[in-house]
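Report on the following structure.
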There are 2 protein chains.
Amino acid sequence: MTLKLDKVNRGPHLSTLVASSISREIAQGRLNPGDQLPTEQALATTFGVSRNVVREAIARLRSEGRIWSQQGRGAFVADVANSPVLTIDHDALQQADAFKSLFELRGALEVKAAAFAAQRRTDADLQAMKSALAAMNTAPYGSVAWLKADLEFHRAVVAATRNSYMEQFLIFVSERVRESILAAGNQQGSDDMASTTLGEHNRILDAITAGDANAAQEAMQLHLNGAAQRVGLHVNDL
Amino acid sequence: MTLKLDKVNRGPHLSTLVASSISREIAQGRLNPGDQLPTEQALATTFGVSRNVVREAIARLRSEGRIWSQQGRGAFVADVANSPVLTIDHDALQQADAFKSLFELRGALEVKAAAFAAQRRTDADLQAMKSALAAMNTAPYGSVAWLKADLEFHRAVVAATRNSYMEQFLIFVSERVRESILAAGNQQGSDDMASTTLGEHNRILDAITAGDANAAQEAMQLHLNGAAQRVGLHVNDL
DNA sequence: CAAACCATAGTTGTATGATAACATGGCAAC
DNA sequence: GTTGCCATGTTATCATACAACTATGGTTTG
């Protein structure tokens with residue numbers, strides 16, 4: 001750990017450089033799991049930066065699970081260090097079967113999310129769902145406003161689960177679904193479709209309002225099956 | 001009886017709270033891609049912390065790809081296209097409710113995965129599940145070999161769904177859950193627990209073998225409820 | 001008039017010192 | 001031997017200051 005950082009290097013932030021440097025020490029085995037890192041002050045002087053920069057780097061490594069620290073003791077190398085982020089190749093999603101798989105995954109989560117929402121929703125949640133449905137009601141089927149309101153409804157449902165991880169993932173997927181639908185652009189929906197979709201949404205809202213988890217689950221399942229057909233995916237049993 | 005504070009119960013760092021809070025604003029759509037975040041000073045005053053803490057939180061969000069910042073301009077919410085699907089912050093996972101949320105997410109996925117597996121499994125899938133169960137049978141409860149075999153069984157189940165995203169996602173989440181459990185400290189298990197767990201697994205395998213989606217779903221749900229109790233989560237309705 | 005220039009304020013990046021919270025070991029008192 | 005106290009070291013947080021950079025508006029200049 002005798003690397004001195006050059007200030008002339010105007011690329012990333014200093015904390016990023018420090019973090020990668022420590023990360024490299026761990027990866028190369030010069031710092032083993034359980035080892036105690038030098039003190040923040042020591043790291044600051046060896047890297048030639050302020051202790052503040054070192055702290056930002058440590059905070060980042062800690063959030064990644066590479067190290068853990070305790071007040072009054074020090075920072076230590078963690079035993080397991082896997083990447084805490086999951087990414088999906090954006091290009092691969094353009095293929096039909098990949099999209100179908102993602103849609104399936106979304107369905108599994110969203111159905112359960114509806115059940116949780118029925119158990120945990122607040123009045124504010126219900127209000128958000130209602131206003132989203134109202135917006136959908138006044139917008140023409142398939143329009144941008146309609147899609148936006150639709151997204152808003154599903155977002156309100158998953159927000160009512162009080163589960164931030166579900167929220168994070170479902171919102172990601174919803175964005176992708178929306179992009180894909182917009183890209184397809186052939187939404188020549190009939191009034192029939194509009195009323196059907198609205199009816200499905202209303203059933204979901206009713207079940208969540210009543211606090212009936214099973215009914216909410218089933219209603220969401222029906223809605224997703226219908227949505228899959230309307231999008232062009234033929235799903236027998238999602 | 002004096003009880004030492006568990007790692008899970010100990011309050012996380014302020015920067016973690018701030019980071020989660022901002023993350024939530026983004027997830028809930030109150031901050032949209034391209035939006036500029038409040039200044040560090042403003043965030044510091046609104047959260048009631050020093051600007052230093054805000055900077056640590058921002059450094060982490062930046063490393064996760066959720067925001068980007070430029071000196072002299074400000075910090076902005078990153079575009080959805082290159083944002084990660086899911087980020088699991090190890091530091092945040094020390095909070096009990098975050099762990100519960102992640103466990104919930106895993107449950108929602110795994111239950112549905114069991115149903116898909118029952119419909120799509122091949123003989124090779126069944127063989128993989130069987131050998132995993134056999135390995136679990138000969139290993140002592142809670143040992144490394146037992147944990148490995150357990151993971152192998154669940155991996156075989158999700159592999160049988162023929163959905164690569166579900167596989168990728170579920171394995172990712174399961175590993176994070178497992179890490180968190182291991183980090184919280186080892187719990188000693190009785191032979192009673194071992195036989196109970198094995199029985200649950202056998203029922204899952206039977207249902208999948210029979211091709212009964214509903215039974216597989218229920219068996220997996222029972223297994224996860226049991227696992228939640230064994231881990232110490234009091235979950236009545238996962 | 002338009003373009004280049006400059007001045008100024010606002011924002012992020014970094015440095016520094018100080019205080020509080022916590023852990024650990026030594027040492028005295030009992 | 002055990003308990004309680006104190007000194008020391010470390011992380012966590014705060015507060016302030018300065019440097020680097022950007023945006024913006026006004027001013028000068030061609």
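Lettering follows sequence order; numbering is per chain, from 1. Since the model is a prediction, treat every value here as computed from it, not as a measurement.
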For C/dT14 and A/Ser50 - does any side-chain N or O of the residue sit under 4.0 Å from the phosphate oxygens OP1/OP2? no

Result for 5'-nearest mapping on DNA chain C, choosing between A/Arg73 and A/Ser15, is A/Ser15

Calculate the interatomic distance between B/Trp68 atom CH2 and C/dG13 atom C1'; express it in whole Å. 16 Å

Between atom NE2 in B/His13 and atom P in D/dT13, what is the gap in whole Å? 6 Å

Check the distance between D/dT13's P and B/Leu17's CG and give it to me in whole angstrom. 9 Å

Here the pair of heavy atoms bringing A/Ala149 nearest to A/Ala135 is CB-CB, 3.8 Å

From the candidates D/dT11, C/dT12, D/dT22, the one with an atom nearest any side-chain atom of A/Arg55 is D/dT11

Starting from the 5' end of DNA chain D, give me the residue, B/Arg51 or A/Ser69, whose nearest nucleotide shows up first. A/Ser69

Residue pair B/Phe76 / B/Ser69, side-chain heavy-atom distance below 4.5 Å: no

Across the strands shown, which category fits B/Gln70 at heavy-atom distances under 4.0 angstrom: base, sugar-phosphate, nothing? sugar-phosphate

Worked verdict on B/Thr16 versus B/Arg60 for side-chain hydrogen bond (donor to acceptor under 3.5 Å, both in side chains): CA-CA 9 Å; B/Thr16 302; B/Arg60 287 161 56 160; 3.1 Å; yes

Atom-to-atom span, CD of A/Glu40 to C1' of C/dA21 - whole angstrom: 14 Å

Base, sugar-phosphate, or nothing: which does A/Ile58 touch, judged by heavy atoms less than 4.0 Å apart? nothing

Nearest whole Å is fine: how far is D/dC18 P from A/Asn52 CG? 17 Å

So, A/Arg162 and A/Asp125, do they make that salt bridge, N to O below 4.0 Å? yes

Whole angstroms only, please: what is the CZ-C1' distance between A/Phe76 and C/dA23? 10 Å

Given C/dG13, D/dC14, D/dT11, the nucleotide with the shortest approach to the side chain of B/Gln71: C/dG13

Take atom CG of A/Leu37 and atom P of D/dA12, then tell me their distance rounded to the nearest Å. 12 Å

Whole-Å distance, B/Gln36 CD to D/dA23 C1', equals 11 Å

Drop me the distance from A/His13's NE2 to B/Arg55's CZ, to the nearest 0.5 angstrom. 7.5 Å

